[in-house]
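Some notes on the structure that comes next.
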2 protein chains.
Amino acid sequence: MPSDQTRTAILAAAERLYADRGFGDVTLRDIVAEANVNLAAVNYHFGSKDELIAELFVTRSLALNKERLRELREAEEAGNGRADISEVLRALVGPTLRGCLGPENQRSTPARFMIRVSIESVPAIRRIRNREIDHLRKFIAAMRRSLPDRSDVELYWGLHFALAMAQQTVRDSERLAKLSEGKCDVDDVEDVIDRVVSVAVMALARTAGEPKLAAAAGPRHR
Amino acid sequence: MPSDQTRTAILAAAERLYADRGFGDVTLRDIVAEANVNLAAVNYHFGSKDELIAELFVTRSLALNKERLRELREAEEAGNGRADISEVLRALVGPTLRGCLGPENQRSTPARFMIRVSIESVPAIRRIRNREIDHLRKFIAAMRRSLPDRSDVELYWGLHFALAMAQQTVRDSERLAKLSEGKCDVDDVEDVIDRVVSVAVMALARTAGEPKLAAAAGPRHR
DNA sequence: GATAGTTTCATACAAACGTTTGAAATGCAA
DNA sequence: TTGCATTTCAAACGTTTGTATGAAACTATC
């Protein structure tokens, strides 16, 4: 029976340091110092530094995906198998935003870690990211149930834009706050979620047969 | 009169390598080998590796911003000082998307470099990014001229979401293509621009006095 | 064509990094 | 206690990194 004590100490210390200082600035020596373990412990327990990062990311991703699916299932059960599209999208972007936004001093370590992930994107993590697609397909399926007359292409774009707005808000919340001189309150998480969801819903609400997008009525350059 | 020959050779080689392999994998030695110059040349001409990266990024950013403002001015002049909101947003996201999307084998080196910038985000670049705010304010001003009855908060969010969709499409075009199994054609740049602009316009088109967003009509969790 | 300033070059430096090693320590079963 | 497997530890290894040095080569001016 492995003791796991050192393992978990390393994981906790690494997550804390990565969350605080980013991936580029944290060395193995920083981590083992923070965890009060020997330098060789990381390679002994995880194999390599990259595998340690990967384990951290996978753990947090699984938790995020699980929460998303939980909220999706809850919404669909309440609607007897078909949730309103806004509920589907809310289940998609809500957990991310709730986890990563909000008053800075109240953010948990996992939340700050995931913010780092979305900002810095190291190779070890980027490789894993591709597995996310299967997870997103479940939301495409739910969106299809919610909007059966929308074409798949529109659903894909809608999901893509919803994620884009959520992700970029996490990543650039500071710039938005600075640009708006504080007038955009990114700490009001539920308001942000409402905004993202409502815009995404509008993106999906275009009538299917419409020739082109409203904005395309203007002249197109080139 | 400095010859500048070595300088430009380094810049070109560095941009090519960064575009191809990313910031993390390219060393000074790779760059000088590609440029056929001596190792010390980078520090002699640029001071440090970070300053080389910064110069590359600043050059490309200025070109992008210039093109954005050119398109904005063109649109406003055509409308006697007030451009349609879709034209303003098109000037904002068009240059980015036109520069970074399109068939992969047709992408220029600067385009691929800017894609790397948006994906990897090294500290040397992140520090410079903050100066972008002044540039964005010019677009806020144009949006205000176009939609004088919208509150500033709404304009900020609209600009933020427009940039978010454009940026994330550049960054994650591969995932969208894979998720949609090619059904979303990210190589049709003008179509992508139309989509981003039209969604952003809808986000801004909500009547000002409306109590809350449509999506918020549903139950709010927590 | 000597001189001063600029640019190139080979080489070295010093630091930092992730990883490895082999012995010591510890835990556990017989 | 003996024996075996797991875990810890200090130390070192071998690269790789960006940068610095100082002499050589080049360029242009007088």
Side-chain angles (χ1 to χ4, degrees), chain A residues 1-58 113 116-117 120-128, chain B residues 1-58 113 116-117 120-128:
Chain A
M1 186 181 90
S3 81
D4 268 350
Q5 197 173 342
T6 305
R7 249 188 86 90
T8 54
I10 291 173
L11 284 171
E15 186 165 40
R16 227 174 307 140
L17 288 176
Y18 285 139
D20 284 346
R21 306 181 357 211
F23 294 102
D25 286 345
V26 175
T27 70
L28 278 189
R29 286 170 173 81
D30 294 330
I31 295 172
V32 298
E34 175 86 2
N36 282 314
V37 300
N38 186 270
L39 173 59
V42 171
N43 287 279
Y44 178 79
H45 285 280
F46 297 92
S48 71
K49 189 194 188 188
D50 277 0
E51 290 175 81
L52 166 60
I53 294 180
E55 176 154 340
L56 274 173
F57 176 64
V58 167
F113 173 79
R116 284 288 176 190
V117 169
E120 296 199 9
S121 166
V122 293
I125 286 179
R126 233 171 302 149
R127 280 191 293 271
I128 301 175
Chain B
M1 183 181 95
S3 82
D4 267 351
Q5 198 172 342
T6 305
R7 249 187 87 90
T8 54
I10 291 173
L11 284 170
E15 186 165 39
R16 225 175 308 142
L17 288 176
Y18 286 140
D20 284 345
R21 309 184 351 215
F23 294 102
D25 286 344
V26 176
T27 70
L28 277 190
R29 285 167 174 82
D30 294 330
I31 295 172
V32 298
E34 176 87 1
N36 282 314
V37 300
N38 187 269
L39 173 59
V42 171
N43 285 278
Y44 178 77
H45 285 280
F46 297 91
S48 71
K49 190 193 187 188
D50 278 0
E51 290 176 78
L52 166 61
I53 295 180
E55 176 155 339
L56 274 174
F57 176 64
V58 167
F113 173 79
R116 284 288 176 192
V117 168
E120 296 197 8
S121 166
V122 294
I125 287 179
R126 231 170 304 149
R127 279 191 293 271
I128 301 174

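In this text the structure is predicted, and so the values were computed from the model without any measurement. By convention in this document, chain letters (A, B, ...) are assigned in the order of the sequence lines, proteins followed by strands, and residues within each chain are numbered from 1.
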Selection from [options] that lies nearest to any side-chain heavy atom of [X]:
| X | options | value |
| --- | --- | --- |
| B:Leu39 | D:dA11, C:dT8, D:dT19 | D:dT19 |
| A:Asn38 | D:dG18, C:dT19, D:dC9 | D:dC9 |
| A:Ser48 | C:dT19, D:dA10, D:dG18 | C:dT19 |
| A:Thr27 | D:dT19, C:dC17, C:dT7 | C:dC17 |

If I take atom [atom1] in residue [X] and atom [atom2] in nucleotide [N], what distance separates them, rounded to the nearest angstrom?
| X | N | atom1 | atom2 | answer |
| --- | --- | --- | --- | --- |
| B:Glu51 | D:dT19 | CD | P | 9 Å |
| B:Gln5 | D:dA25 | CD | P | 20 Å |
| B:Lys49 | D:dT17 | NZ | P | 8 Å |
| B:Asp25 | C:dC17 | CG | P | 18 Å |
| A:Tyr44 | D:dA11 | OH | P | 21 Å |

**Prompt:** Is any side-chain N or O of B:Asn43 under 3.5 Å from a base N or O of D:dA20, one able to act as donor and the other as acceptor?
**Reply:** no
Tell me the closest heavy-atom pair linking [X] and [Y], and the distance in Å.
| X | Y | result |
| --- | --- | --- |
| B:Ile31 | B:Ala13 | O-CB, 3.9 Å |
| A:Val37 | A:Ala41 | CG2-CB, 4.1 Å |
| A:Lys49 | A:Tyr18 | CE-OH, 3.4 Å |

**Request:** Hey, which sits more toward the 5' end of DNA chain D by its nearest nucleotide, A:Val37 or A:Arg29?
**Result:** A:Val37
**Message:** With a 4.0 Å cutoff (strictly under), does any side-chain N or O of A:His45 reach OP1 or OP2 of D:dT6?
**Reply:** no
**Item:** Phosphate-side-chain proximity, A:Thr6 and D:dT8, N/O vs OP1/OP2 below 4.0 Å
**Value:** yes
**Asked** When all nucleic acid strands are considered with a 4.0 Å heavy-atom cut-off, which category describes B:Ala40: base, sugar-phosphate, or nothing?
**Response** base
**Message:** Angle between ring planes, A:Phe113 versus A:Phe23, binned at 30° and 60°: parallel, tilted or perpendicular?
**Reply:** perpendicular
